[in-house]
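These notes concern the structure reproduced below.
Just so you know, these numbers use all the heavy atoms, side chains as well, and skip hydrogens, waters and symmetry mates. Chain letters run A, B, ... following the sequence lines, proteins first, then strands; residues in each count from 1.
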Amino acid sequence: MLRLLALVLALALPAQAATLYLYNWNNYISDRTIARFEARCACRVVQDYYSDNEEMLAKLAAGASGYDLIVPTGNAVEALLRSKQLRPLDKARLPHFGNLKAEFLNGFFDPGNRYSVPYAYTVTLLGYNMEKLQALGLPADTWALVFEPRYLAKLKGRVTVLDSQRELMAAALRYLGHSANDSDEKHWKAARDLILRAKPYWAAFNASSYIKELTVGNIWVAHGYSNDMFQARADAAAAGRPFRIGYAIPREGAVLALDSLVLHNTGRQPDLAHRFMDFMLEGENSAELSNLIGSGNPNRAAMAYIRPEIADNPAVFPDGANMGRLEMLRDLDRRQRRVLNRIWTEIKLR
Amino acid sequence: MSRTEDRLSRWAVTAPPTLFLLAFFLVPALIVVLASFQYPGEFGGLAPLADPGDGSEHGLTLENYRFYFSDFLFTEILLRSFLVAAASTLICLVLAYPVAWLIARSPKQHRDLLVLLVILPFASNFLIRVYAWMIILGPQAGLAQAVNGLLGAFGLAPVSLLFSPFAVLVGMVYVHLPFMILPLYTNLEKHDPVLLDAAQDLGANAWQRFWRVTWPLSLPGVFSGSALVFIPVLGMFAIPDILGGTRDMLIGNLIKDQFLGVRDWPFGATLSIVLTLCVLGLAGLAAWAGKGGRHG
Amino acid sequence: MARLPIWLRLAAGATFAFLYVPLAVVVAYSFNDSRLNAEWVGFTLDWYRVLFADQEMLLAARNSLFIALVSSLAATGLGTLAGLAMHRYRPPWLPLLVITPVAMPEILLGVSLLVFFIQVLHLTLGLLSVVLAHITFSIGFVAIIVRARLAGMDESIFEAARDLGANPWQTFRLVTFPLILPAVVAGFLMAFTLSIDDFVITFFTAGVGVSTLPLQIYSMIKIAVTPEVNAVSTLLMLLTLVLVAAASRMDRSFMKGGA
């Protein structure tokens with residue numbers, strides 16, 4: 001028995017090559033990009049995934065550590081910064097930093113970009129089954145599609161919304177004409193009532209499997225991230241489905257999630273992490289992500305490498321007017337979190 | 001044998017498991033009790049007990065319990081969990097009884113095999129068993145199409161089997177069914193068939209024989225099986241997560257969210273304490289009822 | 001023996017079908033030539049190929065095996081002692097201490113260990129925390145199985161050994177241990193199976209870079225279901241099947257222990 005134990009112990013020992021731990025969104029980097037980086041640095045990249053910023057923050061608060069790089073959204077960068085979990089960047093080791101578009105620098109969460117390197121962005125919007133919406137005569141570019149019973153009556157059981165407190169509230173708040181960052185309890189309650197009125201028509205709260213549900217045709221309208229909709233659209237086409245998946249930014253405005261690479265202070269490989277950041281700032285590598293998942297790209301040098309059907313998609317690269325209607329979410333303090341927690345529980349229960 | 005030798009061996013046998021369980025079961029449980037009286041930390045975790053000197057919250061508070069009782073909402077989720085657990089237990093009982101009876105009345109040489117047949121699916125990971133129902137209840141599968149075809153024939157709107165309270169219940173029953181069959185079987189196996197023969201001789205029909213003889217004698221098995229189904233279902237979060245729809249949050253999901261979703265540990269601890277008290281109350285009740293069943 | 005009524009046979013047969021059809025579906029779809037897991041397209045072994053090329057899945061499998069082996073060995077030691085203590089010395093607190101972690105909803109143990117590891121031990125969650133957690137819930141099962149075996153034995157053997165001048169250690173090594181060995185092995189296999197299988201407690205106590213098979217399966221189910229999940233499930237079922245068969249060969253009380 002001891003011999004067996006020794007064998008297993010030996011097997012479980014970490015590999016020799018340096019390992020970069022990346023805590024990333026699910027499917028948020030191309031395998032090819034990873035492979036190229038591994039070849040260049042003679043190291044290994046290990047990824048863990050999350051599907052919600054709150055989940056990532058909670059796991060870190062719950063003691064997850066050892067991640068070199070994380071890819072949080074703006075408000076989560078703010079939370080990580082305020083809780084002193086981030087390591088400052090050494091810009092001298094990021095020669096390609098100048099590739100970034102000016103409008104994505106100096107975000108509210110990190111003025112001067114002392115800690116964060118913009119990586120990619122997505123818009124939280126509505127994905128839909130084009131043929132079904134057309135047949136039902138429904139508009140695609142408004143939150144009314146998921147909140148208004150007069151539309152939902154035709155979509156009963158065919159709608160999913162994100163299983164995320166902040167995102168769903170933001171959609172409801174925007175639809176009601178408020179800011180996505182509004183923290184007035186009265187407005188929150190109005191948003192709750194809007195959600196509760198619509199909820200009987202929804203199939204499920206869903207964090208990520210709506211990609212598959214849209215592709216298969218079970219779900220006709222999904223509240224989700226632009227890159228997931230891109231994936232659903234590609235999957236449906238590849239599977240030869242008799243319908244296409246479209247996506248559009250609702251005209252009432254939506255949430256823009258700018259995800260940035262940051263260095264977590266429990267990471268053991270800051271040098272390697274800087275090399276990875278700079279590698280991802282090279283236009284070709286950065287473009288690979290947009291080509292793979294259809295995410296928006298804050299990198300000017302990447303645009304030349306991005307396939308035209310993505311570069312020209314207004315839901316991925318919105319024009320000026322639409323850009324103005326997009327908002328980044330800010331972090332809530334713990335009292336606001338508890339108020340929202342109660343409202344969310346109520347939403348889940350009723 | 002000497003007294004010291006005996007004391008030594010007693011200590012050597014008893015101390016290691018006792019100390020381990022004190023350290024990794026009892027102490028953590030007490031920490032949760034403590035946590036339920038602490039403030040949440042600004043970025044998750046717990047606020048410190050001692051004053052950090054920057055004016056932030058610290059020390060002990062009843063705030064979390066006040067928050068729990070400030071709204072019936074949370075109790076309502078607890079009650080719903082009880083309802084789901086009770087329904088699952090009842091369905092398990094109805095499904096398990098014939099199987100347990102069949103095994104107990106089978107020829108001796110077949111019993112072990114039949115018991116093994118009950119255990120085998122239970123030995124595969126429960127997520128796999130839940131996932132199986134995702135496929136079976138999915139809208140593309142034959143079952144949903146048949147049901148909706150039937151509903152359509154009567155002019156009724158189609159329903160979704162997956163992502164519904166029905167799916168959650170199916171998942172709960174499926175995963176926990178063996179927990180009901182095994183104790184029932186162990187109990188029924190011990191019944192003396194002579195009793196049933198005697199009842200028959202006295203003119204009791206099959207139903208009377210079951211209701212007057214078998215059922216009362218099987219009550220201890222029913223109680224232990226019920227406890228083994230009820231309690232795990234009460235704390236389950238993965239099945240509502242995977243199979244549930246928009247209204248299927250149970251207390252387990254709420255607790256999980258506090259720790260891994262919304263960074264409110266103290267409230268999560270409070271909910272855990274409430275659930276623990278419920279379970280302990282139930283266990284006491286079951287023990288009491290079990291005794292009553294045996295004597296009565 | 002009275003003949004069993006036909007309706008009883010039918011009802012029992014239906015329940016057995018209820019138990020087995022879903023598993024058959026999982027296995028069947030692992031050979032389905034479609035990414036979407038919805039309708040049957042054709043036979044393929046591709047998903048097994050995908051599975052064996054999936055580095056993260058293999059790493060998770062390695063972690064699962066390591067955790068299961070270490071935790072079940074430790075739990076077997078501690079659980080055997082607990083079983084002996086409960087049988088011989090009957091300290092009133094021990095059964096409570098041994099059974100409660102097993103009897104409570106798993107989420108409660110998971111949550112309390114999470115808070116304890118982070119807040120008190122300041123331990124970085126990882127292999128160690130998972131192993132400690134698994135030992136905690138496994139001890140009870142081993143103890144129950146060992147005690148059941150001891151309860152079924154004739155006390156006079158031990159008295160005879162003592163009368164022949166054996167000290168407690170000799171009695172244990174030469175008499176007790178060989179007699180309870182089948183139960184100890186069955187307990188080990190049980191603990192191993194439980195550890196390989198555990199999701200809830202691992203979910204709360206695993207940290208960076210440590211994924212186990214159940215955690216991996218969960219995230220695949222939640223995020224992107226492909227028949228790779230079916231493939232890994234099928235193999236995992238095969239493994240547990242072998243383990244259960246081995247355990248039930250060792251000791252019949254394993255079945256009762258499972259109950």
Side-chain angles (χ1 to χ4, degrees), chain B residues 1 5 9-10 13-14 16-18 20-21 24-25 27-29 31-32 35 45-46 95 98-99 101-102 105 115-117 119-121 123-129 131-133 135-136 138 140 174 177 182-183 186 231-232 234-235 237-238 242 252 255-256 259 265 268-269 272 275-276 279, chain C residues 1 4 8-9 11-12 15-16 19-20 22-23 25-26 29 37-39 78-79 81-82 84-85 89 91 94 97-98 101 103-108 111-116 118-120 132 136 139 162 167-168 193 197 199 214 217-218 221 229 233 236-237 240-241 244 248 255-256 258-259:
Chain B
M1 179 168 42
E5 210 172 37
S9 57
R10 178 191 183 120
V13 169
T14 313
T18 307
F20 187 91
L21 288 170
F24 291 101
F25 170 64
V27 172
I31 295 293
V32 173
L46 304 169
L95 293 179
V99 176
W101 203 358
L102 181 94
R105 292 285 160 271
V115 169
L116 195 66
L117 277 178
I119 294 179
L120 275 187
S124 71
N125 188 280
F126 94 94
L127 291 168
I128 297 171
R129 283 173 288 153
Y131 167 59
W133 287 100
I135 303 179
I136 297 174
Q140 258 70 34
Y174 184 63
L177 187 56
L182 294 175
T186 341
I231 291 174
L234 204 54
F237 69 86
I242 295 170
I255 294 177
K256 186 201 93 178
F259 285 97
W265 285 25
S272 304
L275 180 60
T276 307
V279 170
Chain C
M1 173 121 353
L4 293 162
L8 183 68
R9 288 160 180 274
T15 305
F16 271 116
L19 281 176
Y20 278 90
L23 297 182
V25 169
V26 170
Y29 273 76
N37 241 328
E39 58 265 284
L78 291 168
L81 290 178
L84 280 167
Y89 305 111
L94 196 55
L97 207 53
V98 163
M104 299 300 272
E106 287 177 287
I107 189 171
L108 294 175
V111 161
S112 69
L113 284 171
L114 168 68
V115 178
F116 177 66
I118 299 300
Q119 212 70 32
V120 181
L132 288 170
T136 309
I139 289 178
R162 259 170 271 159
N167 66 28
T193 316
D197 195 52
F199 164 68
I217 291 172
Y218 180 73
I221 291 176
V229 181
S233 306
L236 210 56
M237 267 189 253
T240 25
L241 208 126
V244 171
S248 59
M255 296 182 182
K256 305 270 162 64

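- Proximity to chain C (any heavy atom under 4.5 Å) is restricted, for B:I136, to the side chain, taken from C-beta onward.
- At a 4.5 Å heavy-atom cutoff, the contact between C:L94 and chain B is made by side-chain atoms alone.
- Using a 4.5 Å heavy-atom cutoff, the side chains of C:L81 and B:T14 are not in contact.
- Minimum heavy-atom separation, B:I255 to B:G268: CG2-O, 4.3 Å.
- Using a 4.5 Å cut-off between heavy atoms, B:I242 touches chain C through its side chain atoms alone.
- When heavy atoms are compared at a cutoff of 4.5 Å, B:Y174 approaches chain C by way of both its backbone and its side chain.
- Of all the listed residues (B:P17, B:G235, B:S272), the one sharing the greatest number of non-hydrogen pairs under 4.5 Å with chain C is B:P17.
- With a 4.5 angstrom heavy-atom cutoff, B:L117 touches chain C via backbone and side-chain atoms both.
- Top candidate by heavy-atom pairs under 4.5 Å with chain B, chosen from C:I139, C:V120, C:L132, is C:L132.
- Contact annotation for C:L97: both backbone and side-chain heavy atoms come within less than 4.5 Å of a heavy atom of chain B.
- Residues B:Y131 and B:L127 fail the side-chain proximity criterion, which asks for heavy atoms closer than 4.5 Å.
- Both the backbone and the side chain of B:F126 come within contact range of chain C, judged by heavy atoms closer than 4.5 Å.
- Ranked by heavy-atom pairs under 4.5 Å with chain B, the first of C:F16, C:Y20, C:Y89 is C:Y89.
- Using a 4.5 Å cut-off between heavy atoms, C:V115 touches chain B through backbone and side chain atoms alike.
- Between C:V26 and C:S233, the closest heavy-atom pair is CG1-CB, 3.9 Å.
- Both the backbone and the side chain of B:V99 have a heavy atom closer than 4.5 Å to some heavy atom of chain C.
- Contact annotation for C:L19: both backbone and side-chain heavy atoms come within less than 4.5 Å of a heavy atom of chain B.
- Using a 4.5 Å cut-off between heavy atoms, C:E106 does not touch chain B at all.
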